[in-house]
Amino acid sequence: MSDRILQAAIEAAKLAGDVLMRYREQGVTMRDKSALGGKTYDLVSDADLESEQVIAALIESRFADHAILGEEAFQETDIQAEHLWIVDPLDGTNNYAHGLDHFAVSIGYYESGRAKAGVIWNPSRGDLYTAIDGGGAFHNSRPVKVSDHDQLNQSMIGCGFYYDRGEMMRCTLSAIEDCFEADIHGIRRFGTASLDLCLVGCGQLDAFFEYNLSPWDFAAGALFVREAGGRITTGRGDPLQLTPTSVLVSNDRLHPKMLSITKRHHPKPPATNQSS
Ligand code: IPD
Ligand code: CA
Ligand code: CA
């Protein structure tokens, strides 16, 4: 994997981060996505849109034949593309909207479905997380690795809630209850999935789960965790695909124990109409 790719991803993430910080200083207007079938707490702003444009412009100017999958204006992309960039221009929109510093730009680069490079940039804290396939995971240029806890009663667990307050929320709450029954040290819900994955990679969280994430939430972070020695699967233990999916990330040692919890409470797949 060429260094050019990683450098371009870092450059794009930092330019996008400048956009996010500028909008925040000016005072940004958040709109809810309810008109698009979303909820009033599913937010978007000009900052999300411009951040994505800046990233796409840089990729298109340097790699004209590469495809881009992005949360806002780039959702209709073939995920099997030979060269695919997967972009969340603002992960943690709700934190951003409320003036919290915990948000990030996330950029993953995939070749024929395999993660090759990942960059996650939190511009308000100056935290840069990078990973290269086979080349390790780094936080602000320092190598990192996952924790070595192998018991739930030694662990700090992260979780996330999708923008759904029905079945998925009930399943998440039941799984959290089981974690507490296993005497974990605590549960954290920080609100930015890409950064949650980085915290597992850095050994600050021992595991993290969420019952519905999109590829742009985990594309870069999945590689970061893998390169830091961790494991990432669906909440049922299957390999991750680049589609909306449940996600379980751990330091590897805790995976079976966490899996028994996330599997037990996993939301059922939506019912299909079978007309045979
Ligand atoms: C969201 C965040 C949040 C997670 C949601 C995501 P957004 O992304 O990563 O932590 O719980 O499922 O959709 O909307 O802020 O880009
Ligand atoms: Ca996101
Ligand atoms: Ca987003």
Side-chain angles (χ1 to χ4, degrees), residues 12-13 16-17 19-20 23-24 28 30-34 36-56 68-75 85-108 118-124 129 157-169 171-173 175-176 187-200 205 207-222 224-225 232 234-235 240 242-249 262 267:
V19 170
L20 300 181
Y23 269 96
R24 211 158 77 140
V28 61
M30 307 303 299
R31 299 181 292 276
D32 67 60
K33 287 188 179 174
S34 47
L36 309 170
K39 302 285 187 183
T40 54
Y41 38 78
D42 186 359
L43 304 171
V44 68
S45 70
D46 289 342
D48 301 63
L49 304 176
E50 194 175 320
S51 168
E52 192 176 64
Q53 286 305 329
V54 162
I55 296 166
I68 301 172
L69 175 71
E71 182 175 8
E72 306 305 338
F74 295 85
Q75 291 203 16
W85 295 75
I86 306 180
V87 175
D88 192 335
L90 168 51
D91 190 28
T93 308
N94 243 308
N95 285 345
Y96 181 81
H98 288 270
L100 294 161
D101 281 341
H102 201 71
F103 59 89
V105 177
S106 173
I107 303 178
V119 168
I120 293 150
W121 168 235
N122 177 340
S124 70
Y129 301 90
I157 309 295
C159 72
F161 293 86
Y162 178 64
Y163 296 105
D164 166 290
R165 299 191 175 173
E167 195 209 354
M168 227 168 308
M169 177 165 274
C171 293
T172 308
L173 292 172
I176 290 174
I187 279 280
R188 297 293 180 265
R189 194 290 192 248
F190 293 121
T192 303
S194 59
L195 290 175
D196 291 321
L197 270 55
C198 292
L199 294 178
V200 176
L205 289 176
F208 164 84
F209 71 94
E210 180 159 348
Y211 282 127
N212 194 354
L213 286 176
S214 295
W216 40 83
D217 296 314
F218 62 78
F224 188 85
V225 165
I232 181 161
T234 69
L240 275 195
L242 291 174
T243 51
T245 176
S246 61
V247 170
L248 170 63
V249 191
T262 56

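Model, not experiment: these values are computed from the prediction. Counting starts at 1 for both ligands and their atoms, following the listed order.
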**Prompt:** Is the Ca ion (ligand 3) less than 3.0 Å from an N/O/S atom of L90, whether that atom is in the backbone or a side chain?
**Reply:** yes

**Prompt:** Heavy-atom distance to atom 3 (C) of ligand 1: which of G160, G191, G221, S106 wins?
**Reply:** G191

**Prompt:** Any N/O of R189 closer than 3.5 Å to an N/O of ligand 1?
**Reply:** yes

**Request:** Between F103 and ligand 1, find which residue part has any heavy-atom pair under 4.0 Å and reply side chain, backbone, both or neither.
**Result:** neither

**Fill in**
ligand 1 to D91, heavy atom cutoff 4.0 Å, flagged ligand atoms 1 (C), 2 (C), 7 (P), 8 (O), 9 (O), 15 (O), 16 (O)

**Item:** Atom of E71, atom of L90 and distance for their closest heavy-atom approach
**Value:** OE1-O, 4.4 Å

**Request:** Might you point out which heavy atoms bring P89 and I55 nearest each other, and give the distance in Å?
**Result:** CA-CD1, 4.3 Å

**Prompt:** Picking from V87, D91, L242, I86, what satisfies side chain to side chain contact (heavy atoms under 4.5 Å, CB included) with W216?
**Reply:** I86

**Prompt:** Taking the N/O/S atoms of D91 one by one, which is nearest to the Ca ion (ligand 2)?
**Reply:** OD1

**Message:** Taking 4.0 angstrom as the limit and counting only heavy atoms of T192, give me the atoms of ligand 1 inside it, by number and element.
**Reply:** 9 (O), 10 (O)

**Asked** Nearest to the Ca ion (ligand 2), which N, O or S atom of D217 do we find?
**Response** OD1

**Asked** Looking only at heavy atoms, what is the nearest atom pair of I120 and S106, with distance?
**Response** CG1-OG, 3.9 Å

**Message:** When you measure from the side chain of N95 to the backbone of F103, do you find a donor-acceptor pair of N or O atoms at a distance under 3.5 Å?
**Reply:** no

**Item:** A193 neighbourhood, listing ligand 1 atoms whose heavy-atom distance to it stays under 4.0 Å
**Value:** 2 (C), 9 (O), 10 (O)

**Prompt:** Nearest to the Ca ion (ligand 2), which N, O or S atom of D88 do we find?
**Reply:** OD2

**Message:** Does ligand 1 come near enough to E210 that some N or O of the ligand is less than 3.5 Å from an N or O of the residue?
**Reply:** yes

**Request:** Starting from the Ca ion (ligand 3), look over the N/O/S atoms of E71 and name the nearest one.
**Result:** OE1

**Message:** Has Y211 got a side-chain atom pairing as donor or acceptor with T262's backbone, closer than 3.5 angstrom?
**Reply:** yes

**Request:** Number the atoms of ligand 1 from 1 as they appear, then name those within less than 4.0 Å of a heavy atom of L90, with their elements.
**Result:** 16 (O)

**Complete:** Separation between CG (L199) and OH (Y129), nearest 0.5 Å, reads 5.5 Å

**Item:** Part of L213 within contact of ligand 1 (heavy atoms, under 4.0 Å)
**Value:** side chain

**Message:** Are the side chains of F218 and L240 in contact, using a 4.5 Å heavy-atom criterion?
**Reply:** yes

**Request:** State the atoms of ligand 1, each with its element, that fall below the 4.0 Å cut-off from a heavy-atom position in F161.
**Result:** 11 (O), 12 (O)

**Request:** Looking only at non-hydrogen atoms, find the nearest pair between C159 and I187 and report the distance.
**Result:** SG-CG2, 4.0 Å

**Item:** Per-atom contacts of ligand 1 with D88, taking only distances under 4.0 Å to non-hydrogen atoms
**Value:** 16 (O)

**Complete:** Looking only at heavy atoms, the pair that brings L20 and S51 closest together is CD2-CB, 3.8 Å

